[in-house]
Amino acid sequence: MSFRFDKIIAYFIILVGIAMMTYPILLNGKINPVLFVFGAVSILFGVIDLLFFQNLNRTRENWLNIHLSKMISGYVATVTAFVVNQWALGIWGWFIPTIFGNIYLIYWLIKLNRKKL
(Lines give C-alpha, C1' and ligand atoms only; values in the text may rest on other atoms or scores of the structure.)
Protein backbone atom coordinates (compact mmCIF):
# COMPACT_ATOMS: atom_id res chain seq x y z
CA MET A 1 0.00 0.00 0.00
CA SER A 2 1.57 3.28 -1.08
CA PHE A 3 -1.02 5.76 0.21
CA ARG A 4 -1.26 7.11 -3.36
CA PHE A 5 -4.83 8.38 -2.91
CA ASP A 6 -3.90 9.97 0.43
CA LYS A 7 -0.97 11.75 -1.21
CA ILE A 8 -3.29 13.09 -3.92
CA ILE A 9 -5.61 14.42 -1.21
CA ALA A 10 -2.66 16.05 0.59
CA TYR A 11 -1.59 17.84 -2.60
CA PHE A 12 -5.19 18.85 -3.23
CA ILE A 13 -5.58 20.36 0.26
CA ILE A 14 -2.39 22.35 -0.32
CA LEU A 15 -3.86 23.74 -3.55
CA VAL A 16 -7.16 24.53 -1.81
CA GLY A 17 -5.26 26.34 0.95
CA ILE A 18 -3.40 28.43 -1.61
CA ALA A 19 -6.70 29.24 -3.33
CA MET A 20 -8.31 30.20 -0.01
CA MET A 21 -5.48 32.59 0.74
CA THR A 22 -5.15 34.19 -2.71
CA TYR A 23 -8.72 34.30 -4.11
CA PRO A 24 -9.94 37.20 -1.90
CA ILE A 25 -6.77 39.12 -2.70
CA LEU A 26 -7.27 38.65 -6.43
CA LEU A 27 -11.02 39.34 -6.24
CA ASN A 28 -11.19 42.24 -3.76
CA GLY A 29 -7.60 43.34 -3.40
CA LYS A 30 -7.56 42.57 0.33
CA ILE A 31 -7.01 39.67 2.67
CA ASN A 32 -9.95 37.83 4.20
CA PRO A 33 -8.62 36.92 7.67
CA VAL A 34 -10.76 33.79 8.10
CA LEU A 35 -9.88 32.36 4.68
CA PHE A 36 -6.23 33.34 5.10
CA VAL A 37 -5.85 31.59 8.46
CA PHE A 38 -7.70 28.45 7.41
CA GLY A 39 -5.86 28.41 4.07
CA ALA A 40 -2.52 28.54 5.90
CA VAL A 41 -3.64 25.76 8.24
CA SER A 42 -4.72 23.67 5.23
CA ILE A 43 -1.30 24.09 3.63
CA LEU A 44 0.37 23.15 6.91
CA PHE A 45 -1.73 20.00 7.30
CA GLY A 46 -1.10 18.99 3.68
CA VAL A 47 2.66 19.34 4.12
CA ILE A 48 2.53 17.40 7.41
CA ASP A 49 0.62 14.60 5.66
CA LEU A 50 3.23 14.41 2.90
CA LEU A 51 5.95 14.16 5.54
CA PHE A 52 4.06 11.34 7.29
CA PHE A 53 3.75 9.44 4.02
CA GLN A 54 7.52 9.38 3.59
CA ASN A 55 7.76 6.77 6.38
CA LEU A 56 4.91 4.35 5.68
CA ASN A 57 5.72 1.98 8.55
CA ARG A 58 5.51 4.77 11.12
CA THR A 59 2.28 5.99 9.53
CA ARG A 60 0.73 2.51 9.72
CA GLU A 61 1.79 2.09 13.36
CA ASN A 62 0.37 5.46 14.42
CA TRP A 63 -2.69 5.63 12.20
CA LEU A 64 -5.15 5.88 15.11
CA ASN A 65 -3.30 8.80 16.70
CA ILE A 66 -3.04 10.51 13.31
CA HIS A 67 -6.72 9.91 12.55
CA LEU A 68 -7.84 11.12 15.97
CA SER A 69 -5.70 14.25 15.69
CA LYS A 70 -7.11 15.07 12.27
CA MET A 71 -10.74 14.47 13.29
CA ILE A 72 -10.48 16.62 16.40
CA SER A 73 -8.54 19.30 14.49
CA GLY A 74 -11.26 19.38 11.85
CA TYR A 75 -13.89 19.77 14.54
CA VAL A 76 -11.93 22.57 16.21
CA ALA A 77 -11.53 24.32 12.85
CA THR A 78 -15.27 24.07 12.18
CA VAL A 79 -16.21 25.39 15.61
CA THR A 80 -13.64 28.17 15.31
CA ALA A 81 -14.97 29.24 11.91
CA PHE A 82 -18.51 29.27 13.30
CA VAL A 83 -17.56 31.24 16.42
CA VAL A 84 -15.48 33.80 14.50
CA ASN A 85 -18.25 34.41 11.96
CA GLN A 86 -21.29 34.30 14.26
CA TRP A 87 -20.23 35.71 17.61
CA ALA A 88 -18.49 38.97 18.36
CA LEU A 89 -15.79 37.60 20.65
CA GLY A 90 -12.94 39.42 18.95
CA ILE A 91 -9.58 37.72 19.09
CA TRP A 92 -10.86 35.31 21.76
CA GLY A 93 -13.11 33.68 19.19
CA TRP A 94 -9.99 32.36 17.50
CA PHE A 95 -8.42 30.97 20.66
CA ILE A 96 -11.22 29.59 22.86
CA PRO A 97 -12.16 26.63 20.58
CA THR A 98 -8.47 25.88 20.01
CA ILE A 99 -7.68 25.83 23.72
CA PHE A 100 -10.54 23.49 24.59
CA GLY A 101 -9.97 21.36 21.49
CA ASN A 102 -6.28 20.91 22.28
CA ILE A 103 -7.05 19.93 25.86
CA TYR A 104 -9.49 17.30 24.54
CA LEU A 105 -6.97 16.08 21.95
CA ILE A 106 -4.15 15.82 24.49
CA TYR A 107 -6.42 13.87 26.85
CA TRP A 108 -7.19 11.27 24.17
CA LEU A 109 -3.63 11.01 22.89
CA ILE A 110 -2.37 10.36 26.43
CA LYS A 111 -5.12 7.79 26.96
CA LEU A 112 -4.29 5.99 23.70
CA ASN A 113 -0.53 6.03 24.30
CA ARG A 114 -0.96 4.56 27.81
CA LYS A 115 -2.63 1.53 26.27
CA LYS A 116 0.39 0.96 24.01
CA LEU A 117 2.82 0.85 26.93
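Positions are given from 1, in the same order as the sequence printed here. The figures here come from the full heavy-atom set of this structure, side chains too, leaving out hydrogens, waters and symmetry mates.
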Tell me, do [X] and [Y] make a side-chain contact under 4.5 Å, heavy atoms counted?
X	Y	value
Trp94	Leu89	no
Phe5	Ile9	yes
Met21	Ile43	yes

[X]: what forms a side chain to side chain contact (heavy atoms under 4.5 Å, CB included) with it, not counting sequence neighbours?
X	result
Phe95	Ile91, Ile99
Leu44	Ile48
Trp108	Leu68, Tyr104, Lys111
Ile106	Ile110

**Val47 with Ile8, same ILVMFWY side-chain cluster at under 4.5 Å** =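 No, no single cluster joins them.
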**Asked** Does Ile103 share a hydrophobic cluster with Leu105, counting links as ILVMFWY side-chain heavy atoms below 4.5 Å and allowing steps through other members?
**Response**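 Different clusters.
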**Message:** To the nearest 0.5 Å, what is the distance between CH2 on Trp63 and CZ on Phe52?
**Reply:**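 Spacing of CH2 (Trp63) from CZ (Phe52) equals 14.5 Å.
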**From NE2 (His67) to CG (Asn62), nearest 0.5 Å** =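 Answer rounded to 0.5 Å: 14.0 Å.
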**Prompt:** What pairs of residues pass the salt bridge (charged side-chain N to carboxylate O under 4.0 Å, His left out) test when at least one of them lies in residues 92-101, not counting sequence neighbours?
**Reply:**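 For residues 92-101, and leaving out neighbouring residues, there are no salt bridge (charged side-chain N to carboxylate O under 4.0 Å, His left out) pairs at all.
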**Request:** Return each pair, listed once, that meets salt bridge (charged side-chain N to carboxylate O under 4.0 Å, His left out) where at least one residue sits in residues 76-89; pairs must be two or more places apart or across chains.
**Result:**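 Applying salt bridge (charged side-chain N to carboxylate O under 4.0 Å, His left out) to every pair that reaches into residues 76-89, excluding sequence neighbours, yields nothing.
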**Partners passing side-chain hydrogen bond (donor to acceptor under 3.5 Å, both in side chains) against Trp92 (at least two apart in sequence or in another chain)** =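 Not a single residue meets the side-chain hydrogen bond (donor to acceptor under 3.5 Å, both in side chains) criterion with Trp92.
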**Message:** Please enumerate all residues that pass side-chain hydrogen bond (donor to acceptor under 3.5 Å, both in side chains) together with Tyr23, with sequence neighbours excluded.
**Reply:**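 Partners of Tyr23 under the side-chain hydrogen bond (donor to acceptor under 3.5 Å, both in side chains) test: none.
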Show me the side-chain donor-acceptor pairs of residues 25-39 shorter than 3.5 Å, one per line, residues at least two apart or across chains.
unit_1	atom_1	unit_2	atom_2	d
Asn32	OD1	Val34	N	3.1
Asn32	OD1	Leu35	N	3.3

**Request:** Check Pro24 against Ala19 and note the closest heavy-atom contact, atom names and distance.
**Result:**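 For Pro24 and Ala19, the tightest heavy-atom pair comes out as CD-O, 4.3 Å.
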**Asked** Minimum heavy-atom separation for Arg58 to Leu51, with atom names?
**Response**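 Distance-wise, the nearest heavy atoms are NH2-O, 4.3 Å.
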N/O donor to acceptor pairs below 3.5 angstrom from side-chain atoms of residues 69-85, sequence neighbours left out:
unit_1	atom_1	unit_2	atom_2	d
Ser69	OG	Asn65	O	2.8
Lys70	NZ	Asp49	OD1	2.2
Lys70	NZ	Asp49	OD2	3.2
Ser73	OG	Ser69	O	2.7
Thr78	OG1	Gly74	O	2.9
Thr80	OG1	Val76	O	2.7
Asn85	ND2	Ala81	O	2.9

